S.K.: 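Can you read through this structure? Questions will come right after.
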Amino acid sequence: MNFQEVMALAKRRGILQPAYEPYGGVAGFLDYGPVGVRLRRKITELWRKHFVLGFGALEIDSALIGPEPLFRASGHLSEFDDLLVECLECNKLYRADLLVEGEGTLDRRILADAVAGKKCESCGGKFDVPRPFNLMFSTSLGAGRGTPGYLRPETAQGIFQAFPWLLRQNRGKLPLAAAQVGRAFRNEIAPRQGPLRLREFTQLELEHFFLPGAEPEIPKRLAKMEVRLVPVNGSAGTETIADLVKEDVIGSSLVASYIACAWKFITACGVPAGKLRFRQHGKHEMAHYSSECWDGEVETSTGWVEVVGIAHRSDYDLKAHGKASSREFRAPVPGTGKKINTWLPDKGAIGQKFKSEAASVLEQLVEGAAPGVEVGVSGTTHALGREYFRRVSATEPEMIYPHVVEPSFGLDRLLYCILETTWRSEGDRGWLALPEMLSPYYMLIAPLMARDGLDEKAREIHAAAMFDGVDVFYDEKGSIGRRYARADEIGISRACTVDYQTLEDKTVTIRDRDSTEQQRVSIDSIF
RNA sequence: GCGGGCGUAGUGUAGUCUGGUAUCACCGAGGCUUCCCAAGCCUCUAACCCGGGUUCGAAUCCCGGCGCCCGCACCA
């Protein structure tokens with residue numbers, strides 16, 4: 001199927017459609033329907049298995065709107081708040097700050113003036129007036145003018161700002177993995193291609209924190225995996241993930257772990273391994289925070305679609321939030337705790353002795369002052385003995401900003417890629433060959449015909465299944481073949497058919513979606 | 001944002017040039033029939049993206065908006 005066919009299927013079968021259809025639609029937003037919601041949940045559950053359970057991640061669900069200082073710290077405010085100019089002749093768009101050489105961030109007005117004197121680099125035409133452009137949606141918090149707020153452009157910042165809390169939840173121990181599923185918002189200039197480029201999208205994200213020098217090893221279950229890599233320099237043969245790290249093709253063992261895990265997960269979603277690759281970002285392509293990045297890409301009719309980015313963000317984010325908030329975002333380095341014995345002034349003793357002069361005395365006691373130190377009080381000099389000090393010992397470990405590796409999935413894109421790559425057709429028959437785990441319903445329940453009590457029996461089985469919490473789909477309309485076809489199109493992996501024999505011996509047939517083969521089994525054994 | 005193409009039932013389409021309320025198929029709904037793979041028959045639901053203009057009359061021509069596709073640019 002090509003893009004249009006996938007979208008037609010998606011709309012016809014209740015997977016997804018453009019949002020706000022009655023109002024002409026708004027580019028970059030989607031509605032997910034009954035089947036789409038189920039598929040998203042199934043994919044998310046499978047992701048949880050691989051990433052949250054696989055790496056013992058702590059899950060959080062952070063707020064969608066954040067205050068301005070948060071995004072100033074994260075760099076999103078400045079990185080996205082560009083001044084754009086357009087050539088009046090050839091309509092090329094440029095970033096004003098890139099046209100004007102020289103020192104980094106210039107004032108808006110200075111930039112605008114500087115650009116006014118420039119001409120288009122490709123055609124020599126004149127420029128339009130520069131216009132500001134910010135990729136974050138802004139809003140205001142509270143009444144009146146309010147305070148500025150922004151819809152988060154990535155779920156990651158929610159994790160980073162909660163790091164001190166999370167670290168405490170983890171009893172101060174690193175490494176620590178935190179995961180979040182949620183929506184993120186980017187005001188794309190030209191959203192296109194439905195679920196592939198949205199203004200509101202869902203991220204499945206994990207942030208794995210560790211101390212530099214104590215980066216987690218590749219788990220045994222992943223080390224021997226082979227994946228298809230497209231490194232920036234040269235090419236990679238078929239080697240295990242572990243060897244690729246040894247040879248420095250992948251610069252980080254944790255990045256390698258997540259590439260392997262992502263490979264497992266994406267192929268478990270039904271995407272053929274032959275249509276999957278991990279491509280390394282070049283320097284210029286990398287985000288402002290990132291030091292190494294690999295994109296997991298799936299080959300589709302529209303080209304290679306990025307479904308996951310695996311980035312080494314170093315200590316960029318925690319450092320930024322630590323500095324901006326002046327809270328502690330560092331973590332102690334184990335084994336570096338030095339026992340430090342110091343003398344602290346005994347304020348009680350000093351106060352009783354020197355009364356109103358006590359404050360002056362304390363002021364004279366610089367850090368490190370010890371018994372025997374001399375202070376001047378009202379023109380005379382006193383030597384302070386032990387009785388004015390307390391012996392205190394403390395253990396102060398070295399504090400350091402943890403580094404972080406982030407695998408971040410775009411759920412909407414992944415769903416699209418799954419739909420396109422799992423589609424199979426044979427003659428008139430077409431079906432989504434979804435893996436069992438992603439089947440939107442556990443099974444189809446259908447009477448062979450809606451008469452002779454077959455329908456009642458089927459409804460009975462359906463009701464019993466629902467009562468037990470088994471998610472099944474009931475259908476009695478049309479010929480049995482048509483109902484199989486309907487179920488096939490949304491990838492329901494099996495069908496239970498109630499026929500005349502069912503009424504006699506309490507058996508039903510179970511039809512497999514991919515092979516269409518049927519087996520007769522007892523009703524009691526189907527759930 | 002720019003340039004080009006496009007916008008007709010849920011889906012895919014004919015009709016647009018040459019103005020007269022819309023074709024066909026699938027899907028969906030109801031019924032008949034049917035003992036396992038979109039069968040057949042009957043019936044039904046359902047559309048000209050939105051707004052303005054020209055005209056006796058606009059799906060059709062013109063303008064604007066919105067949306068979609070391609071290219072440019074942008075894309076943490």
Side-chain angles (χ1 to χ4, degrees), chain A residues 2-5 7-14 17-29 33 71 74-80 82 84-95 98 120 122-123 128 131 133 135-136 152-154 156-157 184 186-194 196-199 281 285-290 293 302 306 309 311 313 316-317 406 408 426-431 444 446-452 454 477-489 495-503 508-513 515-518 520:
Chain A
N2 62 28
F3 183 79
Q4 270 91 358
E5 288 164 339
M7 294 305 282
L9 172 77
K11 196 167 178 183
R12 187 156 40 87
R13 292 303 180 196
Q17 70 160 1
Y20 309 113
E21 272 257 292
Y23 292 93
V26 181
F29 298 93
F71 296 116
S74 70
H76 288 97
L77 207 57
S78 57
E79 282 294 315
F80 292 171
D82 294 329
L84 296 182
V85 282
E86 186 177 349
C87 170
L88 288 167
E89 302 288 325
C90 67
N91 300 311
K92 274 201 172 178
L93 266 181
Y94 294 92
R95 266 171 58 181
L98 296 183
C120 174
S122 74
C123 78
D128 199 356
R131 291 171 222 281
F133 178 72
L135 229 58
M136 281 195 295
R152 61 186 184 191
E154 58 173 11
Q157 296 308 324
R186 296 176 192 178
N187 198 1
E188 295 284 351
I189 307 172
R192 260 178 215 181
Q193 297 182 306
L196 301 185
R197 191 136 165 231
L198 292 165
R199 288 186 167 131
H281 276 204
E285 202 183 348
M286 226 127 50
H288 62 271
Y289 50 67
S290 172
C293 184
T302 65
E306 176 199 342
R313 295 177 76 134
Y316 179 93
D317 300 277
E406 162 198 278
S408 172
E426 238 170 55
D428 283 346
R429 203 169 89 83
W431 73 99
L444 164 74
L448 185 59
M449 277 172 303
R451 55 184 249 187
D452 300 335
L454 296 182
K477 282 305 305 175
S479 73
I480 189 67
R482 180 177 297 259
R483 282 173 275 158
Y484 289 152
R486 269 196 287 257
D488 285 348
E489 266 197 344
C496 161
T497 308
V498 173
D499 56 19
Y500 288 95
Q501 197 181 326
T502 308
L503 303 179
V508 291
T509 64
I510 299 296
R511 168 192 181 266
D512 176 72
R513 175 198 61 208
S515 65
T516 77
E517 272 162 25
Q518 283 176 299
R520 182 159 285 278

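Naming: A, B, ... by sequence-line order, numbering from 1 per chain. Every heavy atom of this structure was used, including side-chain atoms; hydrogens, water molecules and symmetry mates were not. In this text, all values refer to a predicted model and were calculated from it rather than measured experimentally.
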S.K.: Quick one: pull up CG in A:L77 and CG in A:L135 and give me the separation to the nearest 0.5 Å.
M.R.: 12.0 Å
S.K.: Any donor-acceptor pair under 3.5 Å between the side chain of A:Q518 and the base of B:C36?
M.R.: yes
S.K.: Quick one: closest heavy-atom pair of A:M449 and A:L454, and the distance?
M.R.: O-CB, 3.3 Å
S.K.: Restricting to non-hydrogen atoms, name the atom on A:M7 and the atom on A:G194 that form the minimum distance, rounded to 0.1 Å.
M.R.: CE-CA, 4.4 Å
S.K.: Keeping A:R483 on the side-chain end and A:P447 on the backbone end, is there a donor-acceptor pair under 3.5 Å?
M.R.: yes
S.K.: With a 4.0 Å cut-off on heavy atoms, is A:R511 in touch with a base, just the backbone sugar-phosphate, or nothing at all?
M.R.: base
S.K.: Nearest whole Å is fine: how far is B:U33 P from A:D452 CG?
M.R.: 11 Å
S.K.: Polar pairs (N or O, both sides) under 3.5 Å between protein and nucleotides 65-68 of chain B?
M.R.:
{"unit_1": "B:G67", "atom_1": "O4'", "unit_2": "A:G24", "atom_2": "O", "d": "3.3"}

S.K.: Testing the basics here: between A:T302 and A:F3, what is the closest heavy-atom pair and its distance to 0.1 Å?
M.R.: CG2-CB, 3.8 Å
S.K.: Could you give the CZ-to-P distance, from A:R197 to B:A73, as a whole number of Å?
M.R.: 13 Å
S.K.: Under 4.0 Å, counting only non-hydrogen atoms across every strand here, what does A:T509 touch: a base, just sugar-phosphate, or nothing?
M.R.: base
S.K.: Between B:C36, B:A76, B:C35, spot the one nearest the side chain of A:R186, thanks.
M.R.: B:A76
S.K.: Which nucleotide in the set B:C37, B:G30, B:A76 lies at the smallest distance from any side-chain heavy atom of A:K477?
M.R.: B:G30
S.K.: Do you know which two heavy atoms are closest between A:G430 and A:D488, and how far apart they sit?
M.R.: O-CB, 3.8 Å
S.K.: Hey, what do you get for OH (A:Y500) to CG (A:L448), rounding to the nearest 0.5 Å?
M.R.: 7.0 Å
S.K.: Under 3.5 Å for both donor-acceptor distances, Watson-Crick or wobble: does B:G67 have a partner, and if so which one?
M.R.: B:C6
S.K.: For A:E5, enumerate each residue passing the salt bridge (charged side-chain N to carboxylate O under 4.0 Å, His left out) test, keeping only those at least two apart in sequence or located in another chain.
M.R.: none
S.K.: Distance check, C1' atoms only: B:A22 and B:G5, in whole angstrom units.
M.R.: 24 Å
S.K.: Let me spell it out: for each of A:R313 and A:A450, pick the nucleotide of RNA chain B with the closest heavy atom. Which residue's pick is nearer the 5' end?
M.R.: A:A450
S.K.: So, is A:R451 close to the B:U34 phosphate, meaning a side-chain N or O under 4.0 Å from OP1 or OP2?
M.R.: yes
S.K.: What is the minimum heavy-atom distance between A:R199 and A:E188, and which atoms define it?
M.R.: NH2-O, 3.0 Å
S.K.: Report the base-pairing partner of B:C44 (Watson-Crick or G-U wobble, both distances below 3.5 angstrom), or none.
M.R.: B:G28
S.K.: Please state the C1' separation for the pair B:C61 and B:C75 - nearest whole angstrom.
M.R.: 39 Å
S.K.: When you get a sec, tell me which of B:U11, B:C35, B:A76 is the closest nucleotide to the side chain of A:A8?
M.R.: B:U11
S.K.: Return the pairing partner of B:C72 with a 3.5 Å limit on both distances, Watson-Crick or G-U wobble; otherwise return none.
M.R.: B:G1
S.K.: Measure from the side-chain heavy atoms of A:R482 and tell me the nearest of B:A39, B:U34, B:A76.
M.R.: B:A39
S.K.: Examine B:A39: is either OP1 or OP2 under 4.0 Å from a nitrogen or oxygen in the side chain of A:S479? Give yes or no.
M.R.: yes
S.K.: Please state the P separation for the pair B:C63 and B:A46 - nearest whole angstrom.
M.R.: 34 Å
S.K.: Taking atom C1' in both B:A29 and B:C68, what distance in whole Å separates the two?
M.R.: 30 Å
S.K.: Nearest to the side chain of A:R486, which nucleotide is it out of B:C35, B:A29, B:A76?
M.R.: B:A29
S.K.: Provide the distance between the two P atoms, one in B:C62 and one in B:C72, to the nearest whole Å.
M.R.: 29 Å
S.K.: Counting only Watson-Crick or G-U wobble pairs whose two distances fall under 3.5 Å, which nucleotide matches B:A14?
M.R.: none
S.K.: Report the distance from atom NZ of A:K11 to atom C1' of B:G7, rounded to the nearest whole Å.
M.R.: 12 Å
S.K.: Taking the P atom of each, how far is B:U23 from B:G65, in whole Å?
M.R.: 33 Å
S.K.: Please give the nucleotide sitting opposite B:A59 as a Watson-Crick or G-U wobble pair, both distances under 3.5 Å, or none.
M.R.: none
S.K.: Can you measure A:Y316 atom OH to B:A76 atom P for me and round it to whole angstrom units?
M.R.: 13 Å
S.K.: Take atom CD of A:E5 and atom C1' of B:C69, then tell me their distance rounded to the nearest Å.
M.R.: 15 Å
S.K.: In whole angstrom, what separates A:E21's CD from B:A47's P?
M.R.: 15 Å
S.K.: So if I take every side-chain heavy atom of A:R520 and compare against B:U11, B:C36, B:A76, which nucleotide ends up nearest?
M.R.: B:C36
S.K.: A:L454 has an atom CG; how far is it from atom P of B:C36, in whole Å?
M.R.: 12 Å
S.K.: Considering only B:A38, B:C36, B:C75, which nucleotide approaches the side chain of A:D499 most closely?
M.R.: B:C36
S.K.: Determine the interatomic distance between P on B:U21 and the same-named atom on B:G64; round to the nearest Å.
M.R.: 28 Å
S.K.: At their closest point, which heavy atom of A:Y484 faces which heavy atom of A:Q518, and how far apart are they?
M.R.: OH-NE2, 3.3 Å
S.K.: If I pick the P atom on B:C49 and the same atom on B:G15, what distance separates them, to the nearest angstrom?
M.R.: 15 Å
S.K.: Using the purine O4'-C1'-N9-C4 or pyrimidine O4'-C1'-N1-C2 torsion, is B:U21 syn (within 90° of 0) or anti?
M.R.: syn
S.K.: Given B:A76, B:G1, B:C36, which nucleotide is nearest the side-chain atoms of A:A190?
M.R.: B:G1
S.K.: Starting from P on B:U11, measure out to CD on A:E489 and report it in whole angstrom.
M.R.: 14 Å
